[in-house]
Amino acid sequence: MVKYTLKRLLFFIPTLLGLSFLSFMLVRLIPGDPVLLMLGERGGSPEAYAEMKAALGLDKSLFMQYLIFIKDVLSGDLGSSIFSKESVLKEFMTRFPATAELSLIAITWASLVGIVLGVIAALNRNGFIDRFVMTLSLVGYSMPIFWWGLLLILMFSIWLDLTPVSGRVSVEYDIETITGFYLIDSWFSEDGIRAFLSSLKHLVLPAFVLGTVPMASISRMTRASVLEVLNQDYIRTAKAKGLSKYVVVFKHALRNALIPIITVIGLMVGTLLTGAILTETIFAWPGLGRWLVASLLQRDYPVIQGGILLIASLILLVNLIVDLLYFVINPQMQKGEL
Amino acid sequence: MKGGGKILTYLSAFFLISFILLALFAPFLAPYSPYSLNDSALLSAPSWSFSEGFFLGTDDIGRDLLSRLIHGSRISLMIGLFAVIFSAFFGVLLGLLAGYFSGWVDQTISRFTDILMSLPSMLFALVIITLLGPSLMNTIIAVGIVSIPHYIRIVRAKVLEEKSKDYIEATRNFGVGGTRQITFHILPNITSPIIIQATLGFSEAILNGAALGFLGLGAQAPLPEWGVMLSDSRSYIETAPWLVTAPGLCILLMVLSFNILGDVLRDLLDPRLKGL
């Protein structure tokens, strides 16, 4: 375990260095002069230009620039936005809870529904239900979620008038940020339950959209995993002992089938963040995805540079944690058999 | 293909062939030019008739939606085709090198692959687009680059597997050189996984390309790219729902067809995976 953890941590460092180099080069590879870009269209005086260049550290050699960049990153300084003048780290932190809340709800429903559908499909292998579930999951997997979101807005918000079109909560409710999760924070606001219901209504559609693709993958994978386990000897033994079908499936098969499924769910943080970029754009959800797209469109380079580094580190960190958890839940790995 | 059997396979083959024919003969099949404006028919609803009006309606500046969709199939298939060629070429090449030559060549390529794969493909494509600037050409490059690691991993693993087999040992004893060994002996034996990956790569490329277009970071208006069309029609979702429905349905059908056929191919070419 210790050896494995160390190995993973050792790999973590070059990957992070690679990513930091990537995001460092990003700003330096853009065609055009970043100094002029940051000074704006009019450019300013030659003194202002030289001052800006020195402030950005662009008058030093590339290697020195990279060292300085790494030093700044390590001390938590990722630069600040050209437009809002806020520090990138602070902007990241204010948007992070919105994306986290959305993603958590999305992955929760996707896992529950996906696992149940996958088990049902596996138990009815090649039957009508199996075919139906697998077709459904194939459609979900192929879904352009930016269109899916618009369709659901059309149906539920415009035609049926059930859910709001955008944002996290109605403007009439004033929610103070405590955890950053509106479903929790709304309870502490003046309007209590009404604010909670409003934020829940705002969350339903985007979370449904964001969870669609993960749900499809999870159901396919659960089916495959359960089928594989059902073929194994100990299941045959359990059946031979005369245990009922449900005991065999839920007590023996599912338990073992769940290990790879849980790992894959944990590793879906990348899929979720990618999905969040599109989902947040459609629903005007004030999270990381929308922030990144806005910065890309505005060519706000410090934000793009820092934002990508932070988002990539977040993904790596979650993957690392999942990997280590996998180690904990899979006894075979602890014995060093894998 | 577990999930629908023959009917679904035929349906997706039918859709795919239709899309390819539409793309090939777009100028002859489309009733109007995808760019011609009709001041007298702004946001007109679908007429569902070819003899009068506009079959699928028009957009906010009076362009015929059906004609734009037909021309759009060209763009999406082009993104898919060129991105797949691009990524398969570099991916297979690097994978062959990494698998055949062990040591630092393998180490360098594999570490590079690991770093690329640690980022979700969409995020990575966005980074590349930032560098190159948004356009159709750059969409193909960005979407192509992000799929390279898949090919490297598959090809490398397969080469390692083949390299240890007797027939390769035999060719070596006959004095066959490295390049010849790779191109004439190893490569022909590992084509199945490459073909499977390429088919699935089509759907990923088309989906990512459309997503970039939708975000305003891919193909640019007035190109009739389906993602761009969706994003342009967002403000008319209430007044002209047909504008939002049709392009997305095209993306879904095309991506779904490629995914289903990819699954069928996998079952045919790699029977070991069947049923899983």
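The analysis underlying the following values was restricted to heavy atoms, covering all of them including side chains, and did not include hydrogens, waters or symmetry mates. A note on names: the letters A, B, ... follow the listed sequences, proteins ahead of strands, and every chain is numbered from 1. Since we're looking at a predicted model, the values are computed, not measured.
Of the two parts of B:F124, only the side chain, counted from C-beta on, holds a non-hydrogen atom closer than 4.5 Å to a non-hydrogen atom of chain A. Contact of A:L150 with chain B is made through backbone and side chain together, with heavy-atom distances under 4.5 Å. At a 4.5 Å heavy-atom cutoff, the contact between B:L126 and chain A is made by backbone and side-chain atoms alike. The parts of B:T245 that come within reach of chain A are both its backbone and its side chain, each placing non-hydrogen atoms under 4.5 angstrom from that chain. Only the side chain of A:I311 comes within contact range of chain B, judged by heavy atoms closer than 4.5 Å. Contacts of A:L292 with chain B are made by side-chain atoms alone, with heavy-atom separations under 4.5 Å and no backbone atom involved.
Ranking A:L297, A:L316, A:L136 against chain B, the residue ahead of the rest is A:L297, based on heavy-atom pairs under 4.5 Å. If you tally non-hydrogen atom pairs under 4.5 Å between each of B:A211, B:S121, B:G133 and chain A, the highest count goes to B:A211. Ranked by heavy-atom pairs under 4.5 Å with chain A, the list B:L249, B:V127, B:L123 is led by B:L249. When each of A:I315, A:L22, A:V293, A:T281 is checked for heavy-atom pairs under 4.5 Å with chain B, A:T281 comes out on top. Taking B:V244, B:L253, B:L230, B:I237 one by one and counting their heavy-atom pairs under 4.5 Å with chain A, the maximum is reached by B:I237. Most heavy-atom pairs under 4.5 Å with chain A, from the set B:M122, B:M254, B:E204: that is B:M122.
Using a 30° and 60° split on the angle between ring planes, B:F258 and B:F202 fall in the parallel class, below 30°.
Annotation for A:S219 and A:M134: closest pair O-CE, 4.0 Å, computed over non-hydrogen atoms. Counting all heavy atoms, side chain and backbone alike, B:I79 lies closest to B:A205 at CG2-O, 3.8 Å.
Checked against side chain to side chain contact (heavy atoms under 4.5 Å, CB included), B:I109 has the following partners two or more places apart in sequence or in another chain: B:L94, B:L97, B:A98, B:V105, B:T113, B:I152. Remark: B:Y10 engages no residue in a side-chain hydrogen bond (donor to acceptor under 3.5 Å, both in side chains) (not counting sequence neighbours).
Listed by first and then second residue, the side chain to side chain donor-acceptor pair (under 3.5 Å) pairs involving residues 140-149 of chain A are A:S142-B:N259, A:W148-A:T212 (not counting sequence neighbours).
The side chain to side chain contact (heavy atoms under 4.5 Å, CB included) test with A:F146 singles out one residue from A:V209, A:I282, A:T279, and that residue is A:I282.
Formation of a donor-acceptor pair under 3.5 Å by the B:E225 side chain with backbone atoms of B:A219 is not found in this model. Although no hydrogens or angles enter the test, the distance criterion places no donor-acceptor pair under 3.5 Å between the side chain of A:W291 and the main chain of A:P286.
Using a 4.5 Å cut-off on side-chain heavy atoms (C-beta onward), A:M268 and A:I218 make contact. Between A:L78 and A:P302 the shortest side-chain heavy-atom distance does not fall below 4.5 Å. Considering only heavy atoms from C-beta on, A:W285 stays 4.5 Å or farther from A:L210 through its side chain.
Taking non-hydrogen atoms and a 4.5 Å limit, the residue list of residues 135-144 of chain B in contact with chain A is empty.
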